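Below is one structure; the comments refer to it alone.
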Amino acid sequence: AVLDQLAKETTVNTVRIYEMDCRRDCSAFLNHAADLGIYVLVPLTTRSGDGVLSRDDVAPKCYPRKLYEYGVQCLDRYWDHPNVLAGVVGNEVMNKLDSWRAAPCVRAFLDDMAAYGKHKASKVKKE
């Protein structure tokens, strides 16, 4: 309903989703957004569970193995949706003065997701 309203009443062509569990199938939402000509920025982290990039822990504890696996699952889930414009990494992780210590984990996670995306894209080109 919100997407339909945005498409009819505004010139918005991109939305950023702050909370979306990529372990759940969001294809209906993403396909509907595509049908309306709306691009989507999707989160590659979450507030709880395996997708947490912790601002309270120092590196390397702020980047657990489960986070990598969650991010890969997100990329795999969103990969075939051409209207997914980008994945958001580290949403509001460093929003306090003392949370700067999580910066190395944000960077490492971003680098790992970029490397996985490049690897996935190279496999697609070969097929």
Side-chain angles (χ1 to χ4, degrees):
V2 172
L3 285 177
D4 293 316
Q5 185 178 359
L6 284 172
K8 288 179 185 174
E9 299 175 13
T10 71
T11 59
V12 168
N13 72 344
T14 306
V15 295
R16 177 181 177 197
I17 306 302
Y18 282 85
E19 185 72 27
M20 186 161 77
D21 186 347
C22 69
R23 294 170 296 191
R24 302 171 98 189
D25 186 7
C26 299
S27 294
F29 168 79
L30 294 170
N31 291 336
H32 187 60
D35 291 343
L36 296 171
I38 296 175
Y39 293 97
V40 183
L41 299 168
V42 295
L44 298 181
T45 59
T46 188
R47 288 187 290 167
S48 61
D50 295 341
V52 173
L53 201 161
S54 176
R55 78 180 98 209
D56 298 322
D57 294 323
V58 297
K61 288 184 178 181
C62 52
Y63 182 8
R65 177 74 184 168
K66 287 182 178 183
L67 174 59
Y68 174 82
E69 294 164 357
Y70 181 86
V72 164
Q73 190 175 15
C74 291
L75 289 176
D76 287 344
R77 175 77 69 169
Y78 303 141
W79 191 263
D80 292 326
H81 295 279
N83 63 317
V84 172
L85 194 57
V88 178
V89 172
N91 180 42
E92 298 179 13
V93 171
M94 295 177 291
N95 61 359
K96 295 180 183 175
L97 187 58
D98 64 346
S99 60
W100 62 269
R101 58 187 175 211
C105 294
V106 173
R107 179 59 192 251
F109 183 60
L110 174 62
D111 290 347
D112 287 347
M113 293 302 99
Y116 181 78
K118 286 178 186 176
H119 170 73
K120 195 166 176 67
S122 72
K123 287 173 56 176
V124 170
K125 287 180 183 178
K126 291 177 184 177
E127 293 176 355

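For the single chain, residues carry numbers from 1 onward in sequence order. Keep in mind that what you see is a predicted model, and the values were worked out from it rather than measured.
Atom OG1 of Thr46 and atom CG of Leu67 lie 10.5 Å apart (nearest 0.5 Å). Here the CG atom belonging to Leu6 is positioned 5.5 Å from the CD1 atom belonging to Ile38, to the nearest 0.5 angstrom. Here the straight-line distance linking atom CZ of Arg47 with atom CG of Asp21 works out to 11.5 Å at 0.5 Å rounding. With rounding to the nearest 0.5 angstrom, the CG atom of Asp112 is 11.0 Å from the CZ atom of Arg107. Note that NZ of Lys8 is 9.0 Å distant from CG of Leu36, once rounded to the nearest 0.5 Å.
Hydrophobic clustering (side-chain heavy atoms under 4.5 Å, transitive across Ile, Leu, Val, Met, Phe, Trp, Tyr) groups Val106 together with Val42. Note on Val15 and Leu44: same hydrophobic cluster, where clusters join Ile, Leu, Val, Met, Phe, Trp and Tyr whose side-chain heavy atoms are under 4.5 Å apart, directly or indirectly. Taking hydrophobic clusters as Ile, Leu, Val, Met, Phe, Trp and Tyr residues chained together by side-chain heavy-atom distances below 4.5 Å, Val12 shares a cluster with Met20.
Scored by the ring pair (Phe, Tyr, Trp, His ring centres under 6.0 Å) test, Tyr70 finds no partners at all (sequence neighbours excluded). Arg24 is linked by a salt bridge (charged side-chain N to carboxylate O under 4.0 Å, His left out) to nothing, counting only residues two or more places apart in sequence or in another chain. In this structure, Cys26 has no disulfide bond (SG atoms under 2.5 Å apart) partners at least two apart in sequence or on a different chain.
Applying the side chain to side chain donor-acceptor pair (under 3.5 Å) test to residues at least two apart or on different chains, the pairs with a partner in residues 94-105 are Arg55-Asn95. Annotation: salt bridge (charged side-chain N to carboxylate O under 4.0 Å, His left out) contacts involving residues 60-71, sequence neighbours excluded, comprise Arg65-Glu69. Each disulfide bond (SG atoms under 2.5 Å apart) pair with one or both residues in residues 38-77, not counting sequence neighbours, appears once here: Cys22-Cys74, Cys62-Cys105.
Thr14 has its side chain within reach of Leu41: a pair of non-hydrogen atoms, C-beta onward, lies under 4.5 Å apart. Taking 4.5 Å as the limit, every side-chain heavy atom of Glu19 sits out of range of all side-chain heavy atoms of Pro43.
For the residue pair Leu53 and Ala102, the shortest heavy atom distance occurs at CD2-O, 4.5 Å. Here the closest heavy-atom approach between residue Lys120 and residue Leu75 is recorded as CE-O, 4.5 Å. Shortest non-hydrogen contact noted between Pro82 and Asp80 is CD-O, 3.2 Å. Shortest non-hydrogen contact noted between Tyr68 and Tyr116 is OH-CD1, 4.1 Å.
Between Asp56 and Ser54, the side chains place no donor N or O within less than 3.5 Å of an acceptor N or O (distance only, hydrogens not considered).
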Going through the checks in order, is the side chain to side chain contact (heavy atoms under 4.5 Å, CB included) test met by Gln5 and Thr10? CA-CA 8 Å; Gln5 185 178 359; Thr10 71; over 6 Å; no
Would Asp50 and Arg23 count as a side chain to side chain contact (heavy atoms under 4.5 Å, CB included) here? Give the steps. CA-CA 10 Å; Asp50 295 341; Arg23 294 170 296 191; 3.9 Å; yes
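Among Val88, Val40, Val84, Leu30, the one residue that satisfies the side chain to side chain contact (heavy atoms under 4.5 Å, CB included) test with Ile17 is Val40.
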